2 protein chains.
Amino acid sequence: MARTAGSDGEKTEATIREAAVNLIARFGYEAMSMRQLAAEVGVQAAALYRYFPTKEELLFTLMREHMEGLTEAWETARPVNADPVQRLSAYVENHITFHIERRHATHVSNMELRSLSPERLTQILRMRTAYEKELRTILRDGAETGTFSIDDTGLTAMALIQMMTGVIVWFRPGERLSIAEVTTTYLSMTMRLVGAKIDAYGAARPFGRAKDAAAF
Amino acid sequence: MARTAGSDGEKTEATIREAAVNLIARFGYEAMSMRQLAAEVGVQAAALYRYFPTKEELLFTLMREHMEGLTEAWETARPVNADPVQRLSAYVENHITFHIERRHATHVSNMELRSLSPERLTQILRMRTAYEKELRTILRDGAETGTFSIDDTGLTAMALIQMMTGVIVWFRPGERLSIAEVTTTYLSMTMRLVGAKIDAYGAARPFGRAKDAAAF
DNA sequence: GAATTAATTAAACGTTCGTTTTATTATTGC
DNA sequence: GCAATAATAAAACGAACGTTTAATTAATTC
């Protein structure tokens with residue numbers, strides 16, 4: 001009926017975050033109750049409010065940190081002074097790896113946007129748009145230099161992102177394919193989709209050369 | 001406080017279906033209350049239970065009919081005795097057209113699966129799997145005859161479906177692009193993604209010949 | 001070791017939810 | 001035009017929801 005032995009705020013907060021991502025991904029934000037979350041964490045529902053003032057703020061925190069993580073991952077992975085093929089390769093690889101490794105958090109960020117207040121929705125969408133713009137820039141550069149042949153840059157960017165993010169719907173770790181195999185195949189499909197020149201792509205390939213060269 | 005003048009069961013049921021699809025697509029199944037739905041229809045909440053025994057049965061009905069509609073549309077559109085390129089073209093065209101014209105129902109069928117009971121979920125997933133299998137068959141046939149060059153048939157099918165269905169996320173009728181323009185561009189991207197031979201595709205093209213020939 | 005602060009429980013609050021019950025009126029069939 | 005039935009309204013049910021308040025104990029500080 002009060003503070004329990006060995007209790008630690010930082011640990012509790014981390015446990016809440018983790019449990020919330022899993023529960024929301026599985027049941028949905030609206031369907032997850034604060035009591036259910038508290039039970040999963042091992043505390044009473046009231047204890048959650050020491051860490052997050054409202055249920056929506058908890059959701060927003062999860063989404064914001066997911067988007068920040070994605071942006072940071074890309075800033076780290078983004079090659080400097082590279083040609084469009086290399087940059088597109090890096091984007092695809094980073095996107096798929098990041099999303100597969102954070103399947104549940106991605107599910108939350110993609111499916112629960114409508115549960116955010118307008119202001120918070122705008123904030124998340126702004127981060128998402130900025131991230132997607134990076135891809136559009138790569139595609140446009142590649143189209144202008146003749147490396148890619150693309151009808152509609154914006155439409156192609158959306159198609160690629162939907163295709164790549166869709167991996168989390170069917171991918172299950174430890175089954176038929178490894179992350180690396182999935183990434184390789186998606187890289188190959190992406191390059192064909194944007195009409196990348198074989199030579200330019202072949203020269204830029206970071207891994208899996210033999211199998212993919214045949215795929216073209 | 002009882003039956004109202006001009007009330008008609010069939011009309012009311014149709015109105016409920018329509019309003020439910022829109023509300024669930026906008027707010028989500030869990031977030032939509034039966035009272036909210038009733039208000040949208042213009043009746044009391046109790047009246048809904050004359051048409052659907054539970055909220056979940058209502059959701060299931062909407063999903064089942066959406067999947068049945070998709071299956072029927074494909075059975076009508078499916079070409080007989082056609083080569084893989086023609087069949088893939090028909091599949092893409094049917095899929096995109098159907099989904100764009102039923103954006104809200106598609107949203108419901110894709111996002112609210114976790115609100116179904118296990119038995120109903122299985123039933124919907126069975127219909128979906130059967131529909132997706134049609135695409136895998138086309139891809140496999142094309143790969144075997146050398147018309148397509150594909151790494152992994154199952155993976156490519158999932159990638160294509162995610163890419164095509166993703167249209168409903170960003171497409172808004174009456175904006176920059178028409179349905180036909182979107183379909184044409186997606187057809188072009190699809191054919192490149194599966195490595196279709198240009199000649200075979202060009203010969204099979206049902207529409208938009210000039211623009212798309214250039215796209216390859 | 002006393003005072004302070006951090007972490008939590010237990011209980012309750014008002015609201016809303018899906019659903020049921022009962023009564024009432026419009027329409028239809030004969 | 002009268003009985004049967006279809007279509008609704010009004011009110012209520014118990015349960016669950018997000019959240020708040022107050023009390024209580026563990027850990028930390030000095």
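All of these numbers come straight from a predicted model, not from anything done at the bench. Sequence lines set the chain letters: A, B, ... in the order given, protein chains first and strands last, and positions in each chain run from 1.
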When the distance from [atom1] of [X] to [atom2] of [N] is rounded to whole Å, what number comes out?
{"X": "A:Arg50", "N": "D:dA26", "atom1": "CZ", "atom2": "P", "result": "16 Å"}
{"X": "A:Lys11", "N": "D:dA26", "atom1": "NZ", "atom2": "P", "result": "17 Å"}
{"X": "B:Gln44", "N": "C:dG18", "atom1": "CD", "atom2": "P", "result": "15 Å"}
{"X": "B:Tyr49", "N": "C:dT22", "atom1": "OH", "atom2": "C1'", "result": "17 Å"}
{"X": "B:Phe52", "N": "D:dA7", "atom1": "CZ", "atom2": "P", "result": "13 Å"}
{"X": "B:Leu48", "N": "D:dA9", "atom1": "CG", "atom2": "P", "result": "9 Å"}
{"X": "B:Lys55", "N": "C:dT16", "atom1": "NZ", "atom2": "P", "result": "15 Å"}
{"X": "A:Glu10", "N": "D:dT28", "atom1": "CD", "atom2": "P", "result": "12 Å"}

- prompt: Side chain of B:Tyr51: nearest nucleotide among D:dG18, C:dA6, D:dA7?
  reply: D:dA7
message: Using the side-chain heavy atoms of A:Ala46, tell me which of these nucleotides is nearest: D:dT8, C:dT9, C:dT20.
response: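 Closest nucleotide to the A:Ala46 side chain: C:dT9.
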A:Trp170 and A:Val182, any side-chain heavy atoms less than 4.5 Å apart: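 Yes, their side chains come closer than 4.5 Å.
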message: One thing to verify: whether A:Glu134 and A:Arg87 come together as a salt bridge, which I'm taking to mean a side-chain N less than 4.0 angstrom from a carboxylate O.
response: no
query: Are a donor atom and an acceptor atom from the side chains of B:Tyr131 and B:His95 found within less than 3.5 Å of each other?
result: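 A donor-acceptor contact under 3.5 Å links the two side chains.
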- prompt: Among residues 21-36 of chain B, which contact DNA chain D at a heavy-atom distance under 4.0 Å?
  reply: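 Going residue by residue through residues 21-36 of chain B, the ones with a heavy atom under 4.0 Å of DNA chain D turn out to be B:Arg35.
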- request: Please confirm whether the backbone N or O of A:Tyr29 pairs with a side-chain atom of A:Glu112, one donor and one acceptor, at under 3.5 Å?
  value: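 Flag set: sc A:Glu112 to bb A:Tyr29 pair under 3.5 Å.
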field: Partner residues of A:Arg128 under the side-chain contact (heavy atoms from CB on, under 4.5 Å) criterion, sequence neighbours left out
entry: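 Partners of A:Arg128 by the side-chain contact (heavy atoms from CB on, under 4.5 Å) criterion, ordered by chain and then number, come out as A:Met67, A:Asn110, A:Leu113, A:Leu125, A:Glu132.
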- request: Mark yes when over 12 heavy atoms from residues, nucleotides or ligands other than A:Arg78 sit less than 6.0 Å from its CZ; otherwise mark no.
  value: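 Count over threshold, so yes.
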- prompt: For D:dA7, does either OP1 or OP2 sit under 4.0 Å from a side-chain N or O belonging to B:Thr12?
  reply: no
message: Return the OG1 to CZ distance between B:Thr165 and B:Arg103, rounded to the nearest 0.5 Å.
response: 14.0 Å
